[in-house]
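A short write-up of the structure that comes next.
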Amino acid sequence: MIDVQRSGPSTGMPTRTQQSDVLEAAYASHGDTKHILLFPSTPRECFEMTADAFDLAEQIQTPVIMLTDLDLGMNDHLSEPFVWDDNRKYKRGKVLNAEELDKIKRFGRYLDVDGDGIPYRTIPGTHPTKGSFFTRGTSRDEYAAYTEDSGAYQKNMDRLMVKWETSKSLVPKPFSYPTNKGNACGILFFGTSTYSSEEAMDMLKEENVFVDAMRIRAFPFNQDVNAFIDSHETIFVIEQNRDAQMRSLLMIELQASPQKLIPILNYDGMPITANQIFKEIKQHLTNTK
Amino acid sequence: MTYVRPKFRHPELPKNKLGYSVDYYEGALSTLCAGCGHDSISAAIVQSCFDLNIEPHRLAKLSGIGCSSKTPAYFLSNSHGFNSVHGRMPSVATGANLANRDLIYLGVSGDGDSASIGMGQFVHVVRRNLNMVYIVMNNGCYGLTKGQDSATADMGSKNKSGKTNLFESIDLASLAIELGAGFVAQSFSGDKSQMIPLIKAAMNHPGFAFINVISPCVTFNNNVGSTKSYDYVRQHIEATSTIDFVPEMAEITTKYEEGSTATVKMHDGSSMVLSKLEENWDPTNRHSAINAMQSAKERGEILTGMLFVDGDSQDLHHVIQTSDTPLNILTERDLCPGSIALEDINASLR
Ligand SMILES: Cc1ncc(C[n+]2csc(CCOP(=O)(O)OP(=O)(O)O)c2C)c(N)n1
Ligand code: SF4
Ligand SMILES: [Mg+2]
């Protein structure tokens, strides 16, 4: 699914940009639910991540949401040429064919055979007597039969959590800037806040202020995001919404300390500017001196 | 709850051409109320698939939410099933059918599932002419949530608590004809001999085949004053015709009275012989079918049987010209235009 974010709530400013669907997309649906999110920042990355999203969706057997925004989706951008590796194979994930089904005693659609939380699936019509199952929204056991047994329900919910852990190593890693030198401050950003964040870093450098930087490219967060937060005293989280949604997500999912995460927010419908980022970082550093 | 059906069966149950006996087409033991019309429809589906020699794994059964939508658990346990979200079966069926055109798609829904929450989905799956059989088990109420009036409850019909329905009803069969469906039938869960040939003919129809089956809810809508009760339906039913489904190659052996029969050829060589009971009605003419239904409604009758069939119907794959090979078995070689095509795109943006 591709969400070209624009300002909300409701129809909001329909022709203006924002990064304000982060929390909604991350936890969309009722019940204990989390979704895989991808955050492209350039047209080329939109292209590449869309292809990756199909692979991820089949490998992890779950919807993948790519969060781009109106700035990226509708404005003109200068882009590197798109490239495609002709040897690339589609990743279909764990799909059993008829021969493989023949070797199995009993196929269990939700049976965690490999311990990674991702069970094997079959495509309808594969085998005359094996591999058919009933997909349902209700609770079910490992063999796809309806159940309201508490143990079976919890086991499946825990399996989904194992799958979530597995997906952390499958989604795109964050981009760590080569200039990272173990400075006390770091900046975290994603999507179209990238251009302005990079420019702000240059502006800060001219004033001899050095910050490390990381661009988040996916949710669930990779271990590197955790390490980046842990290794800095202060982290500026730059995003284009009122409620500091990415900051909240970092707090919820990584137990990052709220005191440490300083929000830099823009929600006027226009893309965030380097000037704003530069000023707010300087202001904060001056105030805390 | 799903109960496992006792395995014991008479060893000499007749077998079909594939060597399966009818129990191979059954499902888990039903947990619906005893006497629920939906169970009779499930039984007709089982019999039809047995008679048609369908390989269960080549059929996908899909449904939404409701007592009716629970039934796929109670038939064809060797088929793939998908119990989707309320009113969303048509989207799932569309996706599945587009991915693999070679399976038989059987969608089961309720009047609440199709005529209320899923109405937007219903009308579009009809007009797209998706190749599927779509059965609505129509009881005029939301059975699963304890019998609230549905949008197909007739105006003036009384529910269990004695309240009269004040609103005009939605007639799904007429709607389907108007939206261009190529196969529209109506039946009654109490009439298995009519349902079975209709289901078989629907499965052989190359496009969207709709069967609206009046299926009384014995627990919440079988009271005096309800127009969907067993008694009321039995007293007001009027068949358009008697139907015989004649499979491909089989000889037409039944003798039909001259002048009163219409033979409809199906795409695979099978045919449906209709002995017409309703005068001034031509099953191959949309106007005629709608007129017959409207005048039955004025008389307070429920018209059942084959209502409309278009022998030249072309399904969605034909219209949008997808490949003959199911999309889900195409590989990178067929699907990916590769770096050369991408280079052209890059060039066009320079
Ligand atoms: C999105 C959503 N809304 C409402 C419900 C509650 N609900 C469950 S079944 C049902 C009505 C089903 O009626 P129908 O399709 O006629 O099936 P029946 O039980 O009569 O066979 C409703 C409203 C639900 N499950 N999901
Ligand atoms: S409540 Fe009505 S529709 Fe549901 S199982 Fe019982 S009789 Fe059937
Ligand atoms: Mg109903």
Side-chain angles (χ1 to χ4, degrees), chain A residues 29-31 42-44 46-48 50-51 54-55 57-58 63 76-93 95-98 101 107 109 121-141 143-149 152, chain B residues 1-4 18 20 24 27-28 31 55-65 69-70 72-74 76-86 88 92 96-97 99-105 326 328-333 335-347 349-350:
Chain A
S29 192
H30 49 288
T42 61
R44 177 165 160 177
C46 278
F47 172 70
E48 288 167 352
T50 303
F54 280 104
D55 281 348
E58 293 212 58
D76 287 344
H77 289 252
L78 198 61
S79 170
E80 286 175 71
F82 296 174
V83 289
W84 185 260
D85 172 7
D86 285 324
N87 293 317
R88 178 172 175 160
K89 290 266 175 272
Y90 299 156
K91 293 181 180 150
R92 304 303 307 265
V95 183
L96 295 173
N97 61 28
L101 277 166
F107 166 69
R109 173 63 185 99
R121 67 188 181 109
T122 56
I123 286 172
T126 301
H127 192 288
T129 54
K130 284 176 153 179
S132 291
F133 63 94
F134 198 94
T135 306
R136 52 181 99 234
T138 48
S139 46
R140 63 266 167 149
D141 66 14
Y143 299 93
Y146 180 76
T147 181
E148 285 184 27
D149 178 84
Chain B
M1 281 293 291
T2 304
Y3 297 96
V4 178
L18 299 172
Y20 300 133
Y24 194 63
T31 59
E55 286 274 16
H57 76 292
R58 304 301 302 170
L59 183 146
K61 45 179 185 173
L62 306 103
S63 64
I65 295 288
S69 293
K70 281 170 71 179
Y74 314 138
L76 300 173
S77 57
N78 294 300
S79 296
H80 261 271
F82 201 115
N83 191 194
S84 76
V85 187
H86 202 14
R88 270 58 183 168
V92 179
N97 186 308
N100 186 1
R101 61 187 300 165
D102 282 355
L103 299 184
I104 298 167
Y105 293 93
N328 73 350
I329 55 171
L330 295 180
T331 62
E332 292 87 350
R333 261 189 51 195
L335 293 170
C336 184
S339 58
I340 296 171
L342 187 61
E343 199 31 62
D344 286 345
I345 295 173
N346 281 331
L349 294 169
R350 279 193 181 107

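Here is the naming used below: chain letters follow the sequence lines, and residue numbers restart at 1 for every chain. These values consider heavy atoms only, across backbone and side chains, with no hydrogens, waters or symmetry-generated copies. Since the structure is predicted, the reported quantities are computational estimates derived from the model, not experimental observations.
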For this session: Give, as side chain, backbone, both or neither, the part of A:Thr122 having an atom under 4.5 angstrom from any heavy atom of chain B.
Result: both
Problem set entry | Proximity breakdown for A:Lys130 and chain B, heavy-atom pairs closer than 4.5 Å | neither
Exercise. Hey, is CG on B:Leu349 packed in by over 12 heavy atoms from elsewhere, all under 6.0 Å?
Worked result: yes
Problem set entry | Taking every non-hydrogen atom, the tightest pair across B:Asn83 and A:Phe134 | CB-CE2, 3.4 Å
Problem set entry | Atom group of B:Pro56 that falls short of 4.5 Å from chain A, counting heavy atoms | neither
For this session: To the nearest 0.5 Å, tell me how far B:His80 NE2 sits from A:Ser132 OG.
Result: 4.5 Å
Exercise. Which answer fits A:Arg92, side chain, backbone, both or neither, if we ask what part of it has an atom under 4.5 Å from a heavy atom of chain B?
Worked result: side chain
Problem set entry | Pairwise distance CG(B:Leu342) to CG(A:Asp85) - rounded to 0.5 angstrom | 11.5 Å
Exercise. Can you check whether A:Tyr90's main-chain N or O pairs, donor with acceptor, with B:Glu332's side chain at less than 3.5 Å?
Worked result: yes
Exercise. So, do A:Pro81 and B:Arg350 sit near enough that their side-chain heavy atoms are less than 4.5 Å apart?
Worked result: yes
Exercise. To the nearest 0.5 Å, how far apart are CG in B:Asn346 and CD in A:Glu80?
Worked result: 10.5 Å
For this session: Taking all heavy atoms of A:Pro124 and all of B:Leu103, pick out the closest pair and write down the distance.
Result: CB-CD1, 3.6 Å
Exercise. With only heavy atoms counted, which part of B:Asp102 is less than 4.5 Å from chain A, the side chain, the backbone, both or neither?
Worked result: neither
Exercise. Which region of B:Leu335, side chain (C-beta onward) or backbone (N, CA, C, O), has a non-hydrogen atom less than 4.5 Å from a non-hydrogen atom of chain A, or is it both or neither?
Worked result: both
For this session: Carefully, step by step, assess B:Ser339 and A:Asp86 under the rule side-chain hydrogen bond (donor to acceptor under 3.5 Å, both in side chains).
Result: CA-CA 6 Å; B:Ser339 58; A:Asp86 285 324; 2.4 Å; yes
Problem set entry | Gap between atom CD1 of B:Ile65 and atom OG1 of A:Thr138 - 0.5 Å precision | 7.5 Å
Exercise. Is B:Cys336 close to A:Trp84 at the side-chain level, that is, under 4.5 Å between some pair of heavy atoms?
Worked result: yes
